[in-house]
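For reference, the structure discussed in these notes is given below.
Reckoned from all heavy atoms, side chains included, excluding hydrogens, waters and symmetry mates.
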Amino acid sequence: MRHPRERLTPVAPGRGLSRREFLRKAAGGALALPFAGAILEACARPGTLPPGVEPFKLSRPSDPATLPMNGDPIPSGRPTESGPLQLYNWSEYIYPRVVKDFSKQFGVDVEVTTFNNIDEGLAKLRTGQLHADVFVPTIDVLGKLVAADLVQPLNHDYIPNLEAN
């Protein structure tokens with residue numbers, strides 16, 4: 001809709017666009033240009049990845065995936081560390097009586113720190129606010145923990161009942 005003071009300037013056949021129409025269409029094209037790459041990428045053949053991007057292997061029971069771990073497990077034969085076992089767990093996830101019985105049975109103090117949601121839990125670990133010996137994440141964030149180098153491989157020598165259980 002035009003303003004009442006605007007004059008209608010008819011375009012003669014063969015003359016092309018008026019100045020106003022040209023500017024309007026040029027501005028529209030300039031706004032769309034940054035999104036052209038994303039639009040063209042969306043039109044790529046399904047199943048193809050851009051150069052240099054490695055696909056994630058999906059883990060299946062018949063073909064488990066192994067995540068790349070940074071660092072080595074704690075070496076065997078190391079003396080036991082002093083101090084409490086630091087458990088970082090969901091709030092209201094473990095019954096306090098279980099922690100107390102574990103502590104009594106194995107003669108170790110257990111210090112439980114909790115989080116309310118996984119984002120809060122990851123944030124505290126990433127910032128270094130918290131050091132945990134045992135962290136109870138959900139399986140969907142395991143890849144993020146590995147990528148951020150927040151987990152360490154286990155030394156199975158320290159888990160003597162692994163085969164039995």
Side-chain angles (χ1 to χ4, degrees), residues 24 27-165:
R24 188 177 292 141
L31 289 174
L33 190 60
F35 300 105
I39 292 168
L40 291 174
E41 187 64 34
C43 296
R45 211 174 48 211
T48 60
L49 293 172
V53 175
E54 293 291 323
F56 284 104
K57 179 183 175 186
L58 294 177
S59 185
R60 294 181 172 33
S62 61
D63 185 22
T66 302
L67 295 171
M69 297 298 285
N70 298 323
D72 295 318
I74 297 170
S76 298
R78 243 176 117 177
T80 306
E81 293 183 16
S82 62
L85 175 68
Q86 303 286 332
L87 173 62
Y88 191 37
N89 201 355
W90 297 83
S91 65
E92 307 297 324
Y93 189 71
I94 193 165
Y95 189 56
R97 180 73 182 185
V98 172
V99 175
K100 186 177 179 183
D101 290 348
F102 176 88
S103 180
K104 189 176 183 181
Q105 181 178 350
F106 294 101
V108 63
D109 291 328
V110 179
E111 196 171 285
V112 180
T113 307
T114 61
F115 54 91
N116 295 314
N117 59 53
I118 197 65
D119 293 329
E120 176 190 332
L122 290 175
K124 284 184 183 176
L125 286 175
R126 281 188 185 126
T127 60
Q129 287 179 316
L130 179 77
H131 167 75
D133 297 313
V134 178
F135 174 53
V136 184
T138 54
I139 193 68
D140 59 314
V141 298
L142 191 58
K144 291 178 185 179
L145 292 167
V146 170
D149 198 21
L150 294 173
V151 292
Q152 184 176 9
L154 291 173
N155 181 338
H156 293 179
D157 293 345
Y158 289 111
I159 312 171
N161 64 349
L162 183 65
E163 292 292 325
N165 293 312

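Taking both residues in full, the closest heavy atoms of I74 and N155 are given as O-ND2, 2.7 Å, listed atom of the first, atom of the second, then distance. Here the closest non-hydrogen pair linking W90 and I118 is CH2-N, 3.7 Å. The two residues P73 and Q152 make their nearest non-hydrogen contact at C-NE2, 4.0 Å.
Here the OG atom belonging to S76 is positioned 11.0 Å from the NE2 atom belonging to H156, to the nearest 0.5 angstrom. How far NZ of K144 is from CG of L150: 12.0 Å, rounded to the nearest 0.5 Å.
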Acceptor/donor pairs from residues 130-138 side chains to any protein atom, 3.5 angstrom cut, sequence neighbours excluded:
from: H131; atom 1: NE2; to: D133; atom 2: OD1; distance (Å): 3.4
from: D133; atom 1: OD2; to: Q86; atom 2: N; distance (Å): 2.8
from: T138; atom 1: OG1; to: D140; atom 2: OD1; distance (Å): 2.5

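With sequence neighbours excluded, the residues that form a side-chain contact (heavy atoms from CB on, under 4.5 Å) with R60 are L58, S62. In this structure, the side-chain contact (heavy atoms from CB on, under 4.5 Å) partners of V108, at least two apart in sequence or on a different chain, are L85, F102, F106, V110. Taking N161 as the reference, I159, N165 meet the side-chain contact (heavy atoms from CB on, under 4.5 Å) condition, with sequence neighbours excluded. Take E120 and apply the side-chain contact (heavy atoms from CB on, under 4.5 Å) test, not counting sequence neighbours, and it matches F115, N116, N117, K124.
Using a 4.5 Å heavy-atom cutoff, the side chains of D72 and P153 are not in contact.
For residues 93-102, the pairs satisfying salt bridge (charged side-chain N to carboxylate O under 4.0 Å, His left out) are R97-D101, with sequence neighbours left out.
For E92, the CD atom is loosely surrounded, since the number of other residues' heavy atoms within 6.0 Å does not exceed 12. By the 6.0 Å contact criterion, CD1 on I139 is open, its count of non-hydrogen atoms from other residues, nucleotides or ligands being 12 or less.
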